K.L.:
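Please read through the structure below; I'll follow up with questions.
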Amino acid sequence: MAKIIIDEHCIGCGTCEKTCIVGCISQIKNKKRFINPDACVDCGACQLVCPSKCIIS
Ligand code: SF4
Ligand code: SF4
């Protein structure tokens, strides 16, 4: 299962994108981030570093 970013709670800090080991997080509008579900390996690293705790399983 891929992780999911809850869009309305994302503050666009980019920490998850820098942390992702497979580079599957990218920027969308308003600097919010999106996880490519086909590339995410569900390691959980982004979830640990997100200051808004807006990444869920
Ligand atoms: S769970 Fe791991 S692979 Fe998936 S988006 Fe987060 S850091 Fe990247
Ligand atoms: S770490 Fe969290 S708040 Fe920051 S860009 Fe990623 S999902 Fe958004």
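What you see below is based on every heavy atom in this structure, not just the backbone, and it leaves out hydrogens, waters and symmetry mates. Quantities reported herein were computed from a predicted structural model and do not represent experimental measurements. Counting starts at 1 for both ligands and their atoms, in listed order.
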K.L.:
What protein heavy atom is closest to atom 6 (Fe) of ligand 2, reported as residue, atom name and distance in Å?
P.N.:
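Nearest neighbour among protein heavy atoms for atom 6 (Fe) of ligand 2, to 0.1 Å: Cys16 SG, 2.3 Å.
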
K.L.:
Do the side chains of Val41 and Ile21 get nearer than 4.5 Å, heavy atoms only?
P.N.:
yes

K.L.:
Let me see the working for Ile35 and Ile4 under side chain to side chain contact (heavy atoms under 4.5 Å, CB included), right down to the final yes or no.
P.N.:
CA-CA 6 Å; Ile35 295 172; Ile4 297 166; 6.0 Å; no

K.L.:
Hey, is NZ on Lys29 packed in by over 12 heavy atoms from elsewhere, all under 6.0 Å?
P.N.:
no

K.L.:
Which of the numbered atoms in ligand 1 are under 4.0 angstrom from any heavy atom belonging to Ile25?
P.N.:
5 (S)

K.L.:
Ignoring hydrogens and angles, tell me if any N or O in the side chain of Gln47 forms a donor-acceptor pair with the backbone of Ile55 under 3.5 Å.
P.N.:
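Checking the backbone N and O of Ile55 against the side chain of Gln47, a donor-acceptor pair under 3.5 Å is found.
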
K.L.:
Step by step, work out the side chain to side chain contact (heavy atoms under 4.5 Å, CB included) result for Ile28 and Asp7.
P.N.:
CA-CA 10 Å; Ile28 51 171; Asp7 205 52; 3.7 Å; yes

K.L.:
Evaluate the side-chain proximity of Cys50 to Cys16: yes if any heavy-atom separation is below 4.5 Å, no if none is.
P.N.:
no

K.L.:
What atoms of ligand 2 come closer than 4.0 angstrom to any heavy atom of Pro51?
P.N.:
1 (S)

K.L.:
Does the side chain of Lys3 reach to within under 4.5 Å of the side chain of Cys46, using non-hydrogen atoms?
P.N.:
yes

K.L.:
Is there a donor-acceptor pair closer than 3.5 Å between any side-chain N or O of Asn30 and the backbone N or O of Lys32?
P.N.:
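A pair under 3.5 Å: no.
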
K.L.:
Measure from atom 4 (Fe) of ligand 2 to every heavy atom in Gly12, Cys13, Cys46, Cys10 and give the option owning the shortest one.
P.N.:
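Nearest heavy atom to atom 4 (Fe) of ligand 2 lies in Cys13.
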
K.L.:
Only heavy atoms of Cys24, strictly under 4.0 Å: list the atoms of ligand 1 that pass.
P.N.:
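With Cys24 as reference, the close atoms of ligand 1 come out as 5 (S), 8 (Fe).
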
K.L.:
Identify, by atom number and element, the atoms of ligand 1 in contact range of Val22, meaning under 4.0 Å from any of its heavy atoms.
P.N.:
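The atoms of ligand 1 under 4.0 Å from a heavy atom of Val22 are 3 (S).
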
K.L.:
Report, in ascending order of atom number, the atoms of ligand 1 lying under 4.0 Å from any heavy atom of Cys20.
P.N.:
3 (S), 5 (S), 7 (S), 8 (Fe)

K.L.:
I need the atoms of ligand 1 closer than 4.0 Å to a non-hydrogen atom of Lys3, numbered in the order shown.
P.N.:
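Selected atoms, number and element: 1 (S).
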
K.L.:
Just to be sure I read this right, does ligand 1 sit under 4.0 Å from the backbone of Val41, its side chain, both, or neither, counting only heavy atoms?
P.N.:
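Near ligand 1, Val41 shows its backbone as well as its side chain.
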
K.L.:
Please identify which atoms of ligand 2 are closer than 4.0 Å to at least one heavy atom of Cys54.
P.N.:
2 (Fe), 7 (S)

K.L.:
Can you tell which part of Ile11 has a heavy atom less than 4.0 Å from ligand 2: side chain, backbone, both or neither?
P.N.:
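The answer is both, backbone and side chain.
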
K.L.:
Is there side-chain contact between Pro51 and Cys13, with heavy atoms separated by less than 4.5 Å?
P.N.:
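A side-chain contact exists here, since the closest heavy-atom pair is under 4.5 Å.
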
K.L.:
Any chance you could measure Ser52, atom OG, to Ile11, atom CD1, to the nearest 0.5 Å?
P.N.:
4.0 Å

K.L.:
Please write down residue, atom name and distance for the protein heavy atom closest to atom 2 (Fe) of ligand 2.
P.N.:
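Sorting protein heavy atoms by distance from atom 2 (Fe) of ligand 2 puts Cys50 SG, 2.3 Å first.
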
K.L.:
Quick one: does Ile35 get within less than 4.0 Å of ligand 1, heavy atoms only?
P.N.:
yes

K.L.:
Checking a contact table here: which protein heavy atom is nearest atom 5 (S) of ligand 2, and how many Å away?
P.N.:
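The answer is Gly14 N, 3.2 Å.
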
K.L.:
Can you tell me if Cys40 has an N, O or S atom under 2.8 Å away from atom 4 (Fe) of ligand 1?
P.N.:
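True for Cys40.
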
K.L.:
Can you sort out which atoms of ligand 2 are near Ile5, meaning under 4.0 Å from one of its heavy atoms?
P.N.:
7 (S)

